Every structure is written in C-alpha cells, then in structure tokens.
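Each remark here refers to the structure printed beneath this line.
What you see below is based on every heavy atom in this structure, not just the backbone, and it leaves out hydrogens, waters and symmetry mates. Being a predicted model, the structure only gives us computed values, none of them experimental.
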Amino acid sequence: MSNLIDIFTSHKSERSFTEQPVDDAVLDRIISTAYRAPTSVNSQQVSVVVTRDASRRAQIAAIAGGQPWIAKAPVFITFVLDMHKSDLAISAIDQQQIAHQSIESIVSGSTDIGIALGSVMAAARAEGLGIVPIGGIRRDPQAMISLLELPALTFPIAGVVIGHVDQPAHQKPRLPMATFRHEETYRTEQMAQHIAAYNDEMVQHWKNIGRSDGESWSESVSGYYKNIYFPNVLPALIKQGFGNDK
C-alpha cells in the first residue's frame, strides 16, 4: 500500500478508464473509509449511492453535462447530504428537526461530505485505482434526485468516478504555496504577482503536454465564476425541504 502522504500529494483527476470491473471486496474497503469518517456532532449526515449499472452511469454522465468518463468507468458514487435519517431519529422521540432550515446545516453537511469524499479518493488510489471527483451532478440536481430516488431532506452534493486507469493524466501545477499557507493571519501581499506567475506557468504546462488550447488560470476560473455556476441548486434544495433564511 502506498504511503498516505504520497497518495495525497500525487493527486490527479483521471479521465481515461478501462471497463474492467472494480472487485467487490476492494469497493467495500473503499466505501468503509467514508462510512467511518467523522461527522459534525455525530450527525452521520452523509449517505452514498453506488451506481454500477451502465445505463444509469450514462444518465449521470448526461446530467453532469456530458462527461464520458462517468459512463466508461465501472463505478460512480454519489455523496448525499442526508438529514432524512436525523429527522426520523428526532421524530422517534417526539421532537422536531429544524436545523435543515439553516444555511449552517448545508455548510456542515457539505463539510462532512468533503471529508468522506477525500477519504474515498485516497482509499481508491491506495488500492491502485484512479478517481475523478464530480461536481457536475449539481448542474441538474433534480434529475439526480429523481434518478437516485432520494427522499426529502437529502441532496446530491458531489460524486466520484472510480476505476482502472487507461491513459494516466498529467498532474497540474498549483498556485504558489504562499497563496495557500498563511501564518497567523491571511497575507494578501504579492498575491496578484503570484497569480500572474501562475497564469504563465499554467499556459506553459498546457503547451508541455501538447494542449494548444490551454488557458491561464484566470481565464479558466473566469469561465466558471463570472456566472452563477449551477443556478438550479437553490430551487432544488428548497424543494427537498432545506431552508436558506436562518
């Protein structure tokens, strides 16, 4: 098994997979890391839906905006913010859950999902498999809710593709460590200069791997964040019973 720190620091989002199945025992071990991951106040507000059926994976690929690796790889796992379980538990003692009416519940639940997702990605890579996390399921969350038959007070936050790698991806450069690690207080000095240098580095990276269409980081992130990225998230959250006014 690979060194844990090496697994994290060598992360690559793979997008080329074979159709070779993932062994059941391996998948069980991978999922167990999310099952045992910590959750806020032991709320256990994370559930996963495992999709191995090819036709369903093809539907998820379309929902996510046409991502063929979702359909090609043998396993897709959806991470679900789940306050349905806690609502049932609280109702069983004649109390009423109201936390789901708050933004805090969404932040807290999404944080717990991030921890579980990170655990699964590391575990899959430790098993020699490739992964790519998928936020694109939030492009049409209502379609995911219908496909997975999710009950009220649940929401599909993110997913991950797991499979055997065909053509390995290249690891992308990152912004300088000085833009990421701050000692005691957030440091804004030189941030613009660091970003400018990183833009140049990213353009060169794309050239080095034969991509003539590669954008700078500023251009890339602008393509997503100059708009509301997934505008269907809020109405779907509200329809599922979550609130945003507390």
Original post:
Any ion pair linking Arg52 and Asp24 (charged N to carboxylate O, less than 4.0 Å)?
Top reply: yes

Let me have the donor-acceptor pairs involving side chains of residues 140-148, under 3.5 Å, with sequence neighbours excluded, atom names and distances please.
{"residue": "Asp140", "atom": "OD1", "partner": "Ala143", "partner atom": "N", "Å": "3.3"}
{"residue": "Ser146", "atom": "OG", "partner": "Gln142", "partner atom": "O", "Å": "3.1"}

Original post:
Roughly how far, to the nearest 0.5 Å, is the OG1 atom of Thr188 from the NE2 atom of His194?
Top reply: 10.5 Å

Original post:
Which distance, rounded to the nearest 0.5 Å, do you find between the NZ of Lys246 and the CD1 of Ile98?
Top reply: 7.0 Å

Subject >> Ile115, CD1 atom: more than 12 neighbouring heavy atoms under 6.0 Å >> reply: yes

Subject >> 4.5 Å side-chain heavy-atom contact, Phe242 and Met83 >> reply: yes

Subject >> Val165 side chain near Leu129 side chain, heavy-atom distance below 4.5 Å >> reply: no

**OP:** Under the side-chain contact (heavy atoms from CB on, under 4.5 Å) rule, what do Val120 and Ile31 come out as? Steps first, then yes or no, please.
**Re:** CA-CA 6 Å; Val120 161; Ile31 291 173; 5.6 Å; no

Original post:
Is there side-chain contact between Glu183 and Arg181, with heavy atoms separated by less than 4.5 Å?
Top reply: yes

Subject >> Residue pair Ile137 / Ile60, side-chain heavy-atom distance below 4.5 Å >> reply: yes

**OP:** Is it possible for you to say whether Leu150 and Val50 belong to one hydrophobic cluster, with membership spreading through side-chain heavy-atom contacts below 4.5 Å?
**Re:** yes

Original post:
Are side-chain heavy atoms of Leu237 and Asn244 found at a separation under 4.5 Å?
Top reply: no

**OP:** Check ring-ring contact (aromatic ring centres under 6.0 Å, His included) between Tyr225 and all other residues, then give those that pass, not counting sequence neighbours.
**Re:** none

**OP:** Evaluate the side-chain contact (heavy atoms from CB on, under 4.5 Å) criterion for residues Val80 and Val49: first the C-alpha distance (whole Å), next the side-chain angles of each, then the deciding distance (0.1 Å), finally the verdict.
**Re:** CA-CA 8 Å; Val80 179; Val49 179; 4.2 Å; yes

Original post:
Which heavy atom of Gly109 sits nearest a heavy atom of Leu81, and at what distance?
Top reply: CA-CD1, 3.5 Å

Subject >> Minimal non-hydrogen separation, His84 against Ala152, with atom names >> reply: CB-O, 3.5 Å

**OP:** Give a yes or no answer on whether the side chain of Trp217 reaches the backbone of Met202 with a donor-acceptor pair at less than 3.5 Å.
**Re:** no

Original post:
Which residue pairs pass the ring-ring contact (aromatic ring centres under 6.0 Å, His included) test with at least one member in residues 55-79, sequence neighbours excluded?
Top reply: none

Original post:
Do any N or O atoms from the side chain of His182 and from the backbone of Arg187 form a donor-acceptor pair under 3.5 angstrom?
Top reply: yes

**OP:** Could I get the full list of side-chain contact (heavy atoms from CB on, under 4.5 Å) partners for Arg29, not counting sequence neighbours?
**Re:** Ala25, Val26, Glu127

Please set out all donor-acceptor pairs under 3.5 angstrom arising from side-chain atoms of residues 35-42, sequence neighbours excluded.
{"residue": "Thr39", "atom": "OG1", "partner": "Ser43", "partner atom": "N", "Å": "3.4"}
{"residue": "Thr39", "atom": "OG1", "partner": "Gln44", "partner atom": "N", "Å": "3.0"}
{"residue": "Asn42", "atom": "OD1", "partner": "Gln44", "partner atom": "NE2", "Å": "3.4"}

Original post:
So do Phe230 and Val233 actually touch side chain to side chain, heavy atoms under 4.5 Å?
Top reply: yes

Original post:
For Asp53, which residues count as a salt bridge (Lys or Arg N to Asp or Glu O under 4.0 Å) partner, sequence neighbours excluded?
Top reply: none

Subject >> Arg211 side-chain N/O to Trp206 backbone N/O, donor-acceptor pair under 3.5 Å >> reply: no

**OP:** Identify, with sequence neighbours excluded, every residue that meets salt bridge (Lys or Arg N to Asp or Glu O under 4.0 Å) alongside Lys85.
**Re:** Asp82

Original post:
Is there a chain of hydrophobic side chains (I, L, V, M, F, W, Y, each step under 4.5 Å between heavy atoms) that links Met191 to Tyr198?
Top reply: yes

**OP:** Any chance you could measure Ile162, atom CD1, to Glu14, atom CD, to the nearest 0.5 Å?
**Re:** 13.0 Å

Original post:
Val107: which other cluster members, linking ILVMFWY side chains closer than 4.5 Å, directly or transitively?
Top reply: Ile103

Original post:
Which residue, Val160, Val132, Ile134, Ile63, forms the side chain to side chain contact (heavy atoms under 4.5 Å, CB included) with Ile70?
Top reply: Ile134

**OP:** Would you give the length of the straight line joining atom CG of Leu4 to atom CZ of Arg125, rounded to the nearest 0.5 angstrom?
**Re:** 10.5 Å

Original post:
So, the side chain of Ser105 versus the backbone of Ala99: is there a donor-acceptor pair under 3.5 Å, distance only?
Top reply: yes

Original post:
Applying the 4.5 Å side-chain criterion to the ILVMFWY set and letting contacts propagate, would Tyr229 and Ile113 be lumped into a single cluster?
Top reply: yes

Atom pairs and distances, donor-acceptor, side-chain atoms in residues 167-176, under 3.5 Å, two or more places apart:
{"residue": "Gln171", "atom": "NE2", "partner": "Thr9", "partner atom": "O", "Å": "2.9"}
{"residue": "Gln171", "atom": "NE2", "partner": "His11", "partner atom": "O", "Å": "3.3"}

**OP:** Identify whether Val161 and Ile7 are in the same connected component of the hydrophobic contact network (ILVMFWY, side-chain heavy atoms under 4.5 Å).
**Re:** no

Original post:
salt bridge (Lys or Arg N to Asp or Glu O under 4.0 Å) with Arg56: which residues, sequence neighbours excluded?
Top reply: none

Original post:
What are the two closest non-hydrogen atoms of Pro74 and Val22, and how far apart are they?
Top reply: CG-CG2, 3.8 Å

Original post:
Who are the salt bridge (Lys or Arg N to Asp or Glu O under 4.0 Å) partners of Lys207, not counting sequence neighbours?
Top reply: none

Subject >> Verdict with reasoning, Thr18 to Asp166, per side-chain hydrogen bond (donor to acceptor under 3.5 Å, both in side chains) >> reply: CA-CA 5 Å; Thr18 72; Asp166 186 9; over 6 Å; no

Original post:
Is it the case that more than 12 heavy atoms not belonging to Glu189 sit under 6.0 Å from its CD atom?
Top reply: yes

Original post:
Hey, are the side chains of Val48 and Thr78 touching, using non-hydrogen atoms and a 4.5 Å cut-off?
Top reply: no

Subject >> Check: Asn208/Gln204 side-chain N/O donor and acceptor closer than 3.5 Å >> reply: yes

**OP:** State whether the number of non-hydrogen atoms from other residues, nucleotides or ligands found under 6.0 Å of Ile228 atom CD1 is greater than 12.
**Re:** no

Original post:
Going by side-chain heavy atoms closer than 4.5 Å, which hydrophobic residues are tied to Ile90, directly or by a chain of links?
Top reply: none

**OP:** Indicate the atoms forming the closest heavy-atom contact of Ala124 with Ile131, along with that distance.
**Re:** CB-CG2, 3.5 Å

**OP:** Enter the distance from Asp28:CG to Thr33:OG1 here, rounded to the nearest 0.5 Å.
**Re:** 11.5 Å

Subject >> Smallest separation among heavy atoms of Gln97 and Ser86, with atom names >> reply: OE1-OG, 2.6 Å

Subject >> Pairwise side-chain contact, Thr51 with Val75, heavy-atom cut-off 4.5 Å (strictly under) >> reply: no

Subject >> Residue pair Gln240 / Pro151: nearest heavy atoms and the distance that separates them >> reply: NE2-O, 2.8 Å

**OP:** Please assess Glu219 against Ser216 for the test side-chain hydrogen bond (donor to acceptor under 3.5 Å, both in side chains), listing each intermediate value before the final yes or no.
**Re:** CA-CA 5 Å; Glu219 291 168 328; Ser216 71; 3.3 Å; yes

**OP:** Measure the OG-CG distance between Ser32 and Leu27 for me, rounded to the nearest 0.5 Å.
**Re:** 10.0 Å

